[in-house]
Amino acid sequence: SESDNVKKLEMDTRVAALMTGAACAVGALVLLVRKGISHKKTNDKIQIARDRRTESLQQAELAVLRYKESRPSIDSARILNLSLSELTKQLKSGSLTPEDVFYSYMEKTLDVHKNLNCCTGVLLESFDQLKTIASNKDGLLYGVPVSIKENIAYKNHDSSCGVVINLDQPAKEDSVLVQVLKRQGAIPFVKTNLPQGLLNYDCGNPIYGQTVNPHNFQKTSGGSSGGEGALVGGGGSVLGLGSDIGGSIRIPAAFCGISGFKPTAGRISSQGVKPIYRGQKSVLSSAGPMAKDVESLALCMQALLCDHMFSLDPTIPPIPFNVQVYESTKPLRIGYLENDGYLQPSPSMVRAIREVKALLEQAGHTLVPYSPLKISYLVTELLIKGVFADGAATLLKKLKGSPLDPCLKAQVLPYYLPKWLKKALSFLLKPLVSSLPISVSDLWEQHAAVEDYIQEMIAEWRRCNIDVLLCPVIGPAFNHLYCGRVTTALTCTMIYNLLTFPAGVVPVTTVTAEDEQELQHYTGIYQDRWDRLFKQAVSQSEGLPVAVQCVALPWQDELCLRFMKEVEQLVKQSRK
C-alpha cells in the first residue's frame, strides 16, 4: 500500500542519514587520529633532537671534569682572556697546548649555554679531532676551537634551520667551510642556535627554544646567527661562523656587542651552508666570521681564502686575502649616513654614527654625506618581491608540521592569508608584512631591476667619490618577541645583501640614560604602528652595546675590514 511505501521511504532516508552521519563521524575521527599521530610524530622528533643535545652536553661536561682533574693547574681565565691573534701565536710557539685551550673553551661554552640557551649541540667528534690535531700544526688557526651556526653542515649532524621537517636528515659530509677550518687546524666544537626558518632576526625555534642576550636576559640575542652572537658575546667562543641574508651576522653581533663581517656574496664558499629554501637569487646570503675584535675576523678570512677552499669549490674566485690593503694606512674618503629615510634610527644609533664620524675626521679622513637611492622602491620592489617571489609558499611548506615559534608568529601569519585578502589588505600592511606571488616573467623583470639598482648605487658611490661607507645598524638589542613584528627595521642591513657589498659591524658605545630620555620623544618617519613598535622594542636598554656598520664595494672585503679596524682602534683610543 501507499502508506507502507512512504514508511519504507522514510526508513531508507533515515538509514541514509544515519549512514552519512556515521561516515562523517568516522571521517572526522580518522582526521583527528591522523592529526594526533602527526602531532605525536612532531613531538617525538623534537624530543629526540632535544635528548641528543642534552646527551652531547652531558658527555662534554664529563670530559671537561676528567680533564680538569688530570690538569688541576690549568689557568683557564688567562686563556679565555687572550685575543684570537695572541691565542694562535701562543699555540704556534707551544707555550699553550691545544688541549688546554679546547677544554677551557668547552667548559666556558657549557657555562654560557646554561644561561643563554645558545647551543644546539656539542660536536663530540671534536674530542677525536683534538687527538690528531698535531698534523695541522702549520694551519693559520692551529688549535683554535670554533663554533658554527646550526645550518652549516657538519658530517652526521642535522642542519635543521629550526624546522621539524629538516630533523633526522644528518649531513652526508662537512660543508666546504668546515673542511677548510679543519685543514687550517681549527676545531669546530659546537653548533649554535637560530630562529625557526632562518628568515627572521630573532633566535627562537620550537626545537631548541629561545636564545637570550648575554648583556641582559630580557633582551634577544638577535638573529639569525643569534646563537653565535650570544656565545661569542658571552665569552664561550673566540671565533664563530654565521650566515647573513638580511643582517643575520651583523644584527646579532650588534645586539651582543661583538664584531661581525658579511663578505661579498660569493667570496667564500656556501656549499653546505643550508638556506631555508634554495633558488632565490635576488637577495644573496653570505657566510662570515663573528668575534670579539676585527683582527680575529681578518685572520679568519685569511684562513678561509686559501688554495684548499678554491680547489674544494671552484665556483669561488681564487682571490687570496690581500694583507697589503688590510694593513694600509692611507687616509680614506668616507661616505656617512645617519638615516636611510625608511627607519628613523634610535637615539643611540645616531649618537654612535656622530661620535665615530668625529673620531674619523680628527684622524685625518674626509667624510662626505651620502644617502641611498629610492629606498621605498628598494623595499617593496626589490627586497620583498625577491625573497618572497613565490608569495612565501616555499617557506610555509618548510614550516609545515612545526609548531610556530612565538618569535615568528606575527611575521608569518599574514603569509597564510588567501590571495584575495592579501590584496585587499596590502594597502594597510607595510610591504615587509605581506607578499604576493609573481609570474616568471615578472621575476625576470625583478632580477633585471636588481641589476639596474646595483649599477645606480655604484654610480652614486662614484659620484660621491668615496672609498667606504659608515652607516647605522639597528640597535640596541630588542625586547623579546619584537623582531618578528618590526620587520621594517631590516632596511639598513638587507640593502647590502641585495647590493652584494661587503659589510661589517663594530661595537662603539653603550646606551646612556640620556639616550633613554631622548627615546621618549621618538616618533619615527611614518609615525605608524611599526615606528611605535620599534620604539617599544629598543626601550629599557641602558648599558647595552651599540654598533656602527662599515661597507665597501664588491670584492673590497679587505678594505671594509681595514675600515672596521680603524673605527675599532679610534674608539679604543678615545676611551683611554
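In this chain, residues are counted from 1 in sequence order. Everything numeric here is computed off the predicted structure, so don't read it as measured data.
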Neighbour count above 12 (heavy atom, 6.0 Å) for Gln540 CD: no
Taking all non-hydrogen atoms of both residues into account, name the closest pair between Ala449 and Tyr377 and its distance. CB-OH, 3.5 Å
Could you pull out all residues at least two apart from Asn322 that satisfy side-chain hydrogen bond (donor to acceptor under 3.5 Å, both in side chains)? none
Does Ser83 offer a backbone N or O that forms a donor-acceptor pair with the side chain of Glu86 under 3.5 Å? yes
Please check if any side-chain donor atom of Gln446 sits under 3.5 Å from a side-chain acceptor atom of Ser282, or the reverse. yes
Under 3.5 Å: donor-acceptor pair, side chain of Glu516, backbone of Ser541: yes
Residues 245-257 vs side chain to side chain donor-acceptor pair (under 3.5 Å), sequence neighbours excluded, gives Ser224-Ser248, Asp244-Arg250, Arg250-Asn497, Arg250-Gln549
Between Glu445 and Lys385, is there a side-chain N and carboxylate O pair less than 4.0 Å apart? no
Between the side chain of Ser346 and the main-chain N/O of Gly475, is any donor-acceptor distance below 3.5 Å? yes
Say whether, by atom type as modelled, one donor and one acceptor occur between the side chain of Asn479 and the main chain of Ala537 under 3.5 angstrom. yes
Closest heavy-atom pair, Ile258 versus Ala291, reported as atoms and distance to 0.1 Å, is CB-O, 3.4 Å
Qualifying residues under side-chain hydrogen bond (donor to acceptor under 3.5 Å, both in side chains), relative to His365, sequence neighbours excluded: Glu566
Does the distance from a Lys or Arg side-chain N to an Asp or Glu carboxylate O, for Arg562 and Glu558, drop under 4.0 Å? no
Listed partners of Asp313 passing side-chain contact (heavy atoms from CB on, under 4.5 Å), at least two apart: Val176, Ser269, Gln271, Thr315, Ile316
Arg183 atom CZ, neighbour heavy-atom count above 12 within 6.0 Å: no
All ring pair (Phe, Tyr, Trp, His ring centres under 6.0 Å) counterparts of Phe189, not counting sequence neighbours: none
Are the side chain of Asn205 and the backbone N or O of Pro195 linked by a donor-acceptor pair below 3.5 Å? no
Asn117, Asp405, Asp202 screened by side-chain hydrogen bond (donor to acceptor under 3.5 Å, both in side chains) with Gln210, the one that passes: Asp202
Write out all pairs satisfying ring-ring contact (aromatic ring centres under 6.0 Å, His included) with one or both partners inside residues 225-277, taking only residues at least two apart or from two chains. Phe255-Phe478
Shortest non-hydrogen contact from Ile276 toward Leu198: N-CD1, 3.8 Å
Which residues share a side-chain hydrogen bond (donor to acceptor under 3.5 Å, both in side chains) with Glu150, sequence neighbours left out: Ser160
Compare every heavy atom of Gly484 with every heavy atom of Asn200, then report the nearest pair and how far apart it is. ND2-CA, 3.9 Å
According to side-chain contact (heavy atoms from CB on, under 4.5 Å), who are the partners of Glu355, at least two apart in sequence or on a separate chain? Arg351, Thr509
side-chain hydrogen bond (donor to acceptor under 3.5 Å, both in side chains) with Thr88: which residues, sequence neighbours excluded? none
Check: Ser286 side chain, Pro263 main-chain N or O, donor-acceptor pair, under 3.5 Å: yes
Between Lys149 and Ser243, is there a donor-acceptor pair closer than 3.5 Å when you use the side chain of the first and the backbone of the second? yes
Looking at Phe501, is its backbone amide N or carbonyl O close enough to the side chain of Lys262 to form a donor-acceptor pair, meaning the two atoms are under 3.5 Å apart? yes
Under a 3.5 Å distance rule, please check whether Arg333 uses its side chain to pair with a backbone N or O of Cys464 as donor and acceptor. yes
Just checking Tyr526 against Tyr342, ring centres under 6.0 Å apart? yes
Should the pair Lys374-Glu381 be classified as a salt bridge under the 4.0 Å nitrogen-to-oxygen rule? no
Donor-acceptor contact present, side-chain Ser237 to main-chain Val146, <3.5 Å: no
Who are the side-chain contact (heavy atoms from CB on, under 4.5 Å) partners of Ala230, not counting sequence neighbours? Leu116, Cys118, Thr211, Pro214, Ser221
Provide the closest heavy-atom pair for Cys300 versus Leu241 in the form atom of the first, atom of the second, distance. SG-CD2, 4.2 Å
For Phe321, give me all partners under ring pair (Phe, Tyr, Trp, His ring centres under 6.0 Å), at least two apart in sequence or on another chain. Tyr326
Under 6.0 Å from the six-membered ring centre of Tyr336 and within 45° of its axis: does the NZ or CZ of Lys357 meet both? yes
Could you list the residues that satisfy side-chain contact (heavy atoms from CB on, under 4.5 Å) with Cys492, not counting sequence neighbours? Asp340, Ile474
Mutual orientation of the aromatic rings belonging to Tyr522 and Phe534 [parallel < 30°, tilted 30-60°, perpendicular > 60°]: tilted
Glu568/Lys565 ion pair, N-O < 4.0 Å: no
Heavy atoms of Cys161 and Leu194 approach each other most closely as C-CD1, 3.6 Å
